[in-house]
Amino acid sequence: MKKNIIAGFAAILLLASCGNNDKKILDSLNDYNNSMESKGYHFGDKLELPKDVAENAESVSISFGDKETSNLTIDPKFFTLGDNAVTFNIKTKGGETLNQDATINVFAKSPEKKIAYQIVAEYPHDPKNFVQGFQVEGNTIYESDGQNGSSQILKYTLGTTTPLASTKQAPEDFSEGSTIVGDKVYQLTWQSKKGYIYDKSSLKLLSSFAYPNVLGEGWGLTYDGTNLIASDGSKLLYFLDPKDPTKLVKYIAVAGSSQAYDQLNELEYHNGFIYANIWQKPIILKINPANGEVVGTFDFSDIAKQNTKGSDDVLNGIAFKGENMLVTGKNWPKIYEVAIK
């Protein structure tokens with residue numbers, strides 16, 4: 001009887017010891033993850049797990065979505081830029097399996113460059129137009145004008161405000177980003193989960209298409225010569241097949257050297273880079289489309305202050321006229337041409 005009692009106490013002590021050890025492992029890992037969440041990682045960095053974890057773990061793996069890896073290096077094949085919601089899976093030497101959720105932030109290695117510019121020309125813009133999509137071809141502006149009940153696609157000659165052609169959307173549609181692909185214009189809608197394709201010359205509606213399920217809303221749209229690139233207000237940019245925009249080709253997350261960027265809105269592709277404005281901010285990002293790294297930023301605060309009187313009339317228009325950038329905003333009375341220094 002005494003032997004059984006002693007054995008019972010030993011088992012209780014062993015369980016308590018295992019429980020305390022497991023808690024120590026998880027607490028140590030949690031402290032490490034919290035300290036690294038704000039600091040972040042860069043691609044190629046190795047996770048240096050705490051001593052309590054390393055000494056007591058038989059194996060450690062990381063789950064992210066439907067993927068799992070035991071390689072504790074920040075690999076671009078596994079992680080994206082920005083925040084990655086992961087789970088650490090630890091098999092202890094005592095045979096226990098421990099799990100802990102964490103956020104791994106991945107940032108670009110090089111700081112974003114502040115890009116200087118100079119205003120070289122100003123053109124009139126119809127202040128009634130709630131700009132959602134904006135591009136120029138030759139001397140013709142193609143513009144997607146938003147708001148429920150008054151949304152439209154239109155085009156006009158730069159320097160004038162009189163439409164050469166226009167097509168209205170259904171009252172329930174809220175026009176969003178647009179882009180030119182050959183002899184067609186593609187246009188997104190905000191929450192209708194569909195886009196439209198028009199004849200570029202007449203702006204006659206040719207067809208419509210549904211979004212891939214992964215695209216929550218329609219925000220910005222551009223074309224890189226191969227794929228459509230769409231934003232939905234998140235940190236992600238989605239590459240779609242222009243022959244069948246319901247198909248997702250790939251996506252990238254966007255981040256700089258110390259932060260992820262979300263609220264990505266109006267888009268433009270030029271000379272190998274994606275340009276995106278941030279909703280409600282007078283900032284335009286220059287993005288590497290290969291990996292989502294923000295390589296430069298434009299600060300248009302001075303221009304925005306002259307044109308933004310409320311919460312909605314914000315910077316929201318990017319196009320390229322040769323090597324100069326055209327910028328405008330929702331309900332702005334002007335289009336600005338700037339030379340990039």
Side-chain angles (χ1 to χ4, degrees), residues 117-180 185-192 196 198 200 203 217-222 231 233 263-268 275-284 298-321 324-339:
Y117 61 89
Q118 179 182 1
I119 299 173
V120 295
E122 297 180 9
Y123 306 95
H125 178 258
D126 192 337
K128 294 192 299 295
N129 290 359
F130 196 75
V131 181
Q132 300 290 82
F134 186 75
Q135 51 274 156
V136 63
E137 187 176 83
N139 208 37
T140 303
I141 297 288
Y142 293 79
E143 190 168 302
S144 182
D145 174 22
Q147 298 288 28
N148 290 116
S150 60
S151 286
Q152 62 177 331
I153 188 83
L154 69 153
K155 68 177 187 177
Y156 54 90
T157 302
L158 181 63
T160 76
T161 59
T162 304
L164 299 170
S166 64
T167 298
K168 299 283 187 182
Q169 266 80 65
E172 65 271 16
D173 286 336
F174 192 119
S175 294
E176 283 284 349
S178 59
T179 194
I180 298 169
V185 178
Y186 287 62
Q187 181 192 42
L188 301 181
T189 58
W190 181 26
Q191 295 178 321
S192 298
Y196 295 111
Y198 304 89
K200 186 177 70 177
L203 295 185
E217 297 178 342
W219 283 44
L221 189 67
T222 190
S231 65
Q263 299 289 288
L264 302 175
N265 200 10
E266 217 271 315
L267 306 175
E268 184 71 17
Y275 294 80
N277 84 292
I278 302 174
W279 169 239
Q280 294 280 345
K281 293 184 179 180
I283 303 295
I284 290 177
F298 295 82
D299 186 346
F300 287 103
S301 295
D302 290 342
I303 290 177
K305 286 177 183 176
Q306 299 175 41
N307 296 276
T308 301
K309 310 303 180 186
S311 60
D312 291 334
D313 51 345
V314 293
L315 174 75
N316 201 72
I318 313 166
F320 276 88
K321 182 176 179 283
N324 288 349
M325 182 189 289
L326 297 179
V327 295
T328 190
K330 301 177 185 298
N331 304 128
W332 284 17
K334 290 182 180 180
I335 297 169
Y336 297 85
E337 180 177 348
V338 302

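When atom types are taken as modelled, the side chain of Asn265 and the backbone of Asn277 share no donor-acceptor pair closer than 3.5 angstrom. Checked by atom type and distance alone, the side chain of Tyr275 never pairs as donor or acceptor with a backbone atom of Ala319 at under 3.5 Å. Side-chain N or O atoms of Glu176 include none that pairs as donor or acceptor with a backbone N or O of Gly220 at under 3.5 Å. Ser175 places no side-chain N or O within 3.5 Å of a backbone atom of Ser151 that could act as its donor or acceptor partner. Thr161 places no side-chain N or O within donor-acceptor distance of the main-chain N or O of Asp126, the cut-off being under 3.5 Å. Checking side-chain atoms of Glu266 against main-chain N and O of Ile318 turns up a donor-acceptor pair under 3.5 Å.
For Ser166 against Leu154, the heavy-atom pair with the smallest separation is CB-CB, 3.8 Å. Summarising the geometry of Leu188 relative to Trp219, their closest heavy-atom pair is CD1-N, 4.0 Å, with the distance given to 0.1 Å. Asn307 and Pro333 make their closest contact through OD1-CD, 3.3 Å (heavy atoms, listed as atom of the first residue, atom of the second, distance). Residues Leu203 and Ile153 approach most closely at CD1-O, 3.8 Å, considering heavy atoms. In terms of heavy atoms, Gly146 sits closest to Ser150 at O-OG, 3.9 Å.
If you take CG on Leu315 and CD1 on Ile283, they are separated by 8.5 Å, rounding to the nearest 0.5 Å. Going from atom NZ of Lys309 over to atom CH2 of Trp332 covers 10.5 Å, rounded to the nearest 0.5 Å. Rounding to the nearest 0.5 Å gives a distance of 10.5 Å between CD of Glu268 and CG of Leu221. With values rounded to the nearest 0.5 angstrom, Tyr123 atom OH is found 3.5 Å from Glu337 atom CD.
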**Request:** Carefully, step by step, assess Ser192 and Asp173 under the rule side chain to side chain donor-acceptor pair (under 3.5 Å).
**Result:** CA-CA 6 Å; Ser192 298; Asp173 286 336; 2.7 Å; yes

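Residues forming a salt bridge (Lys or Arg N to Asp or Glu O under 4.0 Å) with Glu172 (at least two apart in sequence, or on another chain): none. With sequence neighbours left out, Lys334 forms a side chain to side chain donor-acceptor pair (under 3.5 Å) with Glu122. When the salt bridge (Lys or Arg N to Asp or Glu O under 4.0 Å) test is applied to Asp313, no partner is found at least two apart in sequence or on another chain. In this view, Asn331 satisfies the side chain to side chain donor-acceptor pair (under 3.5 Å) rule with no residue, not counting sequence neighbours. For Trp190, the side chain to side chain donor-acceptor pair (under 3.5 Å) partners at least two apart in sequence or on another chain are Glu217.
In this structure the side chain of Phe134 never reaches within 4.5 angstrom of the side chain of Asn316, judged on heavy atoms. By the 4.5 Å heavy-atom criterion applied to side chains, Lys155 and Val185 are not counted as neighbours. By the 4.5 Å heavy-atom criterion applied to side chains, Val327 and Tyr117 are not counted as neighbours.
Pairs of residues two or more places apart, or lying in two chains, that qualify as side chain to side chain donor-acceptor pair (under 3.5 Å) and include a residue from residues 135-146 are His125-Glu143, Asn129-Glu143, Gln135-Ser178, Glu137-Lys200, Glu143-Tyr156, Ser144-Gln187, Asp145-Gln152.
Classified by interplanar angle (parallel below 30°, tilted 30° to 60°, perpendicular above 60°), the ring pair Tyr198/Tyr196 is tilted.
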